[in-house]
Amino acid sequence: MLKLFSKNKNKNVKTKGFYSIMDGKSIDLSQVNDEMFSNKLLGDGIAIEPTSNTVVSPCDGEVTLVSDTKHAVGIKNEDGVEILIHIGLDTVSLKGEGFETFCKVGDKVKVGDTLVKVDRKLLKEKNIPDVTMMVIVEPNGHTISERNINQSVECGTSLLVKYE
């Protein structure tokens with residue numbers, strides 16, 4: 001189901017949501033070819049079929065995780081909602097090859113700040129899917145109210161998920 005987002009007319013009310021982590025096409029987690037994500041075993045969220053190599057922060061918050069293999073980043077926002085960004089499928093097997101991180105645990109980040117650059121060409125050469133997931137691993141009492149699925153999205157500017 002397609003839902004479009006409109007700007008909130010009351011400028012004092014901040015939209016609670018997460019912006020796109022990469023340029024590309026947003027897809028439902030159920031379309032990801034990995035049961036951990038498609039069955040939402042790690043949490044609810046959204047995925048991107050990327051067209052860019054840069055992964056950015058979808059929210060203002062604090063970095064809580066940067067995996068040793070550089071393929072995953074965790075962020076906790078001001079509402080205590082924690083997300084996990086997971087780049088590609090089975091990318092842990094690369095042991096960090098093809099990834100360059102621009103953040104570390106404890107860093108304060110803003111929407112659009114660069115977190116990771118990924119060599120998508122290398123992933124393609126190794127036949128590793130580059131679909132990138134953004135999963136809410138700790139909703140902290142919040143629930144997803146809207147998703148922007150099956151849309152062309154721009155990193156840091158397209159609202160992907162709204163929550164209440």
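Note that the numbering runs from 1 along the sequence shown for the chain.
- Considering only heavy atoms from C-beta on, I128 comes within 4.5 Å of L94 through its side chain.
- Residues N148 and Y19 have side chains that never bring a donor and an acceptor to within less than 3.5 angstrom of each other.
- In this structure, C155 SG and D23 CG are separated by 4.0 Å, a value rounded to the nearest 0.5 Å.
- In plain terms, the two heavy atoms of L122 and E97 that are nearest each other are CD2-CG, 3.7 Å.
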Quick one, N53 with D119, criterion side chain to side chain contact (heavy atoms under 4.5 Å, CB included). Give me CA distance, side-chain angles, the key distance, then yes/no.
CA-CA 6 Å; N53 296 324; D119 184 346; over 6 Å; no
Evaluate the side chain to side chain contact (heavy atoms under 4.5 Å, CB included) criterion for residues V73 and V55: first the C-alpha distance (whole Å), next the side-chain angles of each, then the deciding distance (0.1 Å), finally the verdict.
CA-CA 10 Å; V73 174; V55 178; over 6 Å; no
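- To the nearest 0.5 Å, the span separating CD on E82 from CD on E138 amounts to 6.0 Å.
- Annotation: E35, atom CD; neighbour count of heavy atoms from other residues, nucleotides and ligands within 6.0 Å does not exceed 12.
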Verify side chain to side chain contact (heavy atoms under 4.5 Å, CB included) between V109 and V63, making sure each step is shown before the conclusion.
CA-CA 7 Å; V109 292; V63 176; 3.8 Å; yes
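- Of all heavy-atom pairs spanning G88 and M133, the tightest one is O-CE, 3.7 Å.
- Hydrophobic clustering (ILVMFWY, side-chain heavy atoms < 4.5 Å, transitive): V131 and F99 are in distinct clusters.
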Under the salt bridge (charged side-chain N to carboxylate O under 4.0 Å, His left out) rule, what do E62 and K108 come out as? Steps first, then yes or no, please.
CA-CA 5 Å; E62 182 176 333; K108 303 287 187 210; 2.8 Å; yes
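- The two residues I75 and P58 have their closest heavy-atom pair at CD1-CD, 4.0 Å.
- The closest side-chain heavy-atom distance from K162 to K16 is not below 4.5 Å.
- V137 is not connected to I83 by any chain of hydrophobic side-chain contacts under 4.5 Å among Ile, Leu, Val, Met, Phe, Trp and Tyr, and they are in different clusters.
- Between K126 and D90 there is no salt bridge, since no side-chain N of the basic residue sits under 4.0 Å from a carboxylate O of the acidic one.
- Summarising the geometry of L42 relative to F37, their closest heavy-atom pair is CD1-CE2, 3.6 Å, with the distance given to 0.1 Å.
- Other residues, nucleotides and ligands contribute more than 12 heavy atoms inside 6.0 Å of the CG atom of N140.
- A distance of 10.5 Å separates OG in S152 from CD in E49, rounded to the nearest 0.5 Å.
- Closest heavy-atom contact between M22 and T54: CG-O, 3.5 Å.
- Residues L89 and L84 fall within the same hydrophobic cluster, defined by Ile, Leu, Val, Met, Phe, Trp and Tyr side chains chained together at heavy-atom separations under 4.5 Å.
- Under the 30°/60° scheme for interplanar angles, the aromatic rings of H71 and H86 are found to stand perpendicular.
- Electrostatic pairing of D107 and K104 counts as a salt bridge here, judged by a charged N lying under 4.0 Å from a carboxylate O.
- Panel note: side chain R147, backbone G45; a donor-acceptor pair is recorded below 3.5 Å.
- The main-chain N or O of V81 is never found under 3.5 Å from a side-chain atom of D79 such that the two would form a donor-acceptor pair.
- One finds the OG atom of S26 at 6.0 Å from the CG atom of L160 (value rounded to the nearest 0.5 Å).
- Ion pairing between a basic and an acidic side chain is recognised when a charged N comes within 4.0 Å of a carboxylate O; K124 and D130 show no such pairing.
- Between I136 and F18, some side-chain heavy-atom pair lies under the 4.5 Å cut-off.
- The distance from the CG atom of L115 to the OG atom of S57 is 5.0 Å, given to the nearest 0.5 Å.
- Annotation for S20 and V56: closest pair O-CG2, 3.5 Å, computed over non-hydrogen atoms.
- A salt bridge between K117 and E100 is absent, with no side-chain N of the basic residue lying under 4.0 Å from a carboxylate O of the acidic one.
- Each of V32, L29, V135 was scored for a side-chain contact (heavy atoms from CB on, under 4.5 Å) with K40, with one residue passing: L29.
- Within the 4.5 Å cutoff, the side chain of V153 has no heavy atoms near those of the K25 side chain.
- Note on I46: it does not cluster hydrophobically with L41, by side-chain heavy-atom contacts below 4.5 Å among ILVMFWY residues.
- A distance of 10.0 Å separates CG of D113 from SG of C59, quoted to the nearest 0.5 Å.
- The main-chain N or O of D28 is found under 3.5 Å from a side-chain atom of Q31 such that the two form a donor-acceptor pair.
- Connection of V116 to I48 is established within a shared hydrophobic cluster, with ILVMFWY side chains joined at heavy-atom distances below 4.5 Å, either directly or through further cluster members.
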